[in-house]
Amino acid sequence: MAHFANVFKTKKTTEITMREGGKKRMHLIGAGAEKKDLQLKSSRESIASVKLTALYDGKKGIWTVDIKALTKGKVTIEALSKKTAIAKLSINVVERLSLPAKNTDEGLLTRLFLAESVNPGSGDYDADDSKTGMQWMKLVIYNRLKNKPKRFYAADAKTIKDIVRAKRQFEGFEKYPAINSKQQGNIDEILKIANNDSDGRQHKYQVFVKNALTVANSKTLVSDPSKNGLYGWRTAGSRPPGGDLVAYGKPLSGQQFYTLKTKPDKKK
Amino acid sequence: MSGVLAQYKYVFIGLCLLLTATPIQAAEPKISINNNPGYAYFLDNLRKLAAQQASIKQHHFYITRYRPSETAMYMFWREGRQLWILSTRNKTAEHWYAAIFMTGGGRHLDLDKDVVASQEDIGTSTYLVDQPWVNEKLYDAVINGDTVTINN
């Protein structure tokens, strides 16, 4: 029985999700080697189109198929041999992932999380820990705003943007909404991979971006796990900061979080 | 009397063991980057990095050795004037690409901009490091570590 499969895999795939404007290459397996017998049809050409590109493996009847996702919606791709349906693939075309406007708190936080968190490609990365790390980063920002921001080099801070723009606190964000080219380049590449239906890393990066968006957009903060509150983070393996900051627990997805030695005085 | 001494026999044995015990970390042999399962990918990505600065004919990278229990190793890139914090868990092509080209904040330290005089001066920064710490890492990397030379 013929079926669609991801490239270089044999397992049958019956449904996929693609991003608007995306392109994806798949294999049609067990469809014989005669091109003249084969036909591919899209149930809605305005949503996604499909093309039989080349014979990949004649003996196993494996064909390369290229799919283009045009607009949002659901569509079925059917493979026919001698006008008889032999395989089907359902495609759900969704919006491309994008970040909130830079001039919003959500936009600022999302970009900060993506720039500061361990990359999904790293050996240290764990999706669940990464999301928790982002929740804790959000706590750090708000804790700094609420409790004597002057000690965090953000005297007179009224907004989280003031906290993030504080001198030499968050690499590359001192002039936000302008972000240093290194951090901006990372953010751009993360988003590009998350939206690239042809990239084998897409799913991991999609989860990463979605977690950043979810945490940034959340109207509430998670409960602070530290008795005195979380007030900082640094790369695991970097020099501890000394002074009032002390390590809280063990590193989480490549980041060590810090609390204060003594409970802060909440008076500004 | 012998009964009293017998009670303390096990206390005495325990004390002897404590005094002669070696901390586990100090006994662990250090691992070289050469033994990383993804060493070929690491090298390949360093070549790509060096090629981005093709005007410099030769690039030198010095990598510290690390114990199995440690989660970080350090790399001094002489021509880039940078000290990098690398995860010891990096093993695959994807890991090493991300480590070299897509790293998050605080992992690639610019030795001309990100170093302050003392640990106290780090304050509440999420990325600055101090000179004595940097000196220690550079020494370990150059003197005790492994060197990779990439020619453009």
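Reminder, nothing fancy here: chain letters follow the sequence lines and each chain counts from 1. Just so it is clear, the structure is predicted and the values come from calculations on it, not from any experiment.
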Residues from [range] approaching chain B under 4.5 Å (heavy atoms):
range                       : result
residues 236-254 of chain A : A:Ala236, A:Gly237, A:Ser238, A:Arg239, A:Pro240, A:Pro241, A:Gly242, A:Gly243, A:Leu245, A:Gly254
residues 123-137 of chain A : A:Gly123, A:Asp124
residues 198-218 of chain A : A:Arg201, A:Lys204, A:Tyr205

Crowded around [X] [atom1]? As in, over 12 foreign heavy atoms under 6.0 Å?
X        : atom1 : value
A:Glu95  : CD    : no
A:Lys9   : NZ    : no
B:Tyr41  : OH    : no
A:Lys102 : NZ    : yes
A:Asp156 : CG    : no

Worksheet item: Can you name the nearest heavy-atom pair linking A:Asn186 to B:Thr103, along with the distance?
Response: ND2-O, 2.5 Å

Practice prompt. For each of A:Ser122, A:Gly185, A:Ser117, A:Gly172, tally heavy-atom pairs with chain B at distances under 4.5 Å, and name the one with the top tally.
Written response: A:Ser122

Discussion item. Quick check on the interface: out of A:Lys182, A:Gln183, A:Lys167, A:Glu116, who has the most heavy-atom pairs with chain B under 4.5 Å?
Written reply: A:Glu116

Worksheet item: Are side-chain heavy atoms of B:Thr124 and A:Arg151 found at a separation under 4.5 Å?
Response: no

Worksheet item: Taking side chain as C-beta onward, heavy atoms only, is B:Asp121 less than 4.5 Å from A:Arg168?
Response: no

Fill in: Side chain, backbone, both or neither of B:Lys113 within contact of chain A (heavy atoms, under 4.5 Å)
backbone

Practice prompt. Give, as side chain, backbone, both or neither, the part of B:Phe101 having an atom under 4.5 angstrom from any heavy atom of chain A.
Written response: backbone

Discussion item. Does anything in residues 127-136 of chain B reach chain A? List residues with heavy atoms under 4.5 Å apart, or say none.
Written reply: B:Tyr127, B:Leu128, B:Val129, B:Asp130, B:Trp133

Fill in: Value rounded to 0.5 Å, distance of CH2 in B:Trp84 from OG1 in A:Thr235
13.5 Å

Worksheet entry | Top contributor to chain A contacts, counting heavy-atom pairs under 4.5 Å, from B:Met102, B:His95, B:Lys91 | B:Met102

Worksheet item: Top residue by heavy-atom pair count (under 4.5 Å) with chain A, among B:Gln119, B:His108, B:Arg89, B:Glu94?
Response: B:Gln119

Worksheet item: Where does A:Leu260 contact chain B at under 4.5 Å (heavy atoms): side chain, backbone, both or neither?
Response: neither

Worksheet entry | Contacting moiety of A:Leu114, where chain B heavy atoms sit under 4.5 Å | neither

Worksheet item: Under 3.5 Å, side chain of B:Thr126 to main-chain N/O of A:Arg234, donor-acceptor pair present?
Response: no

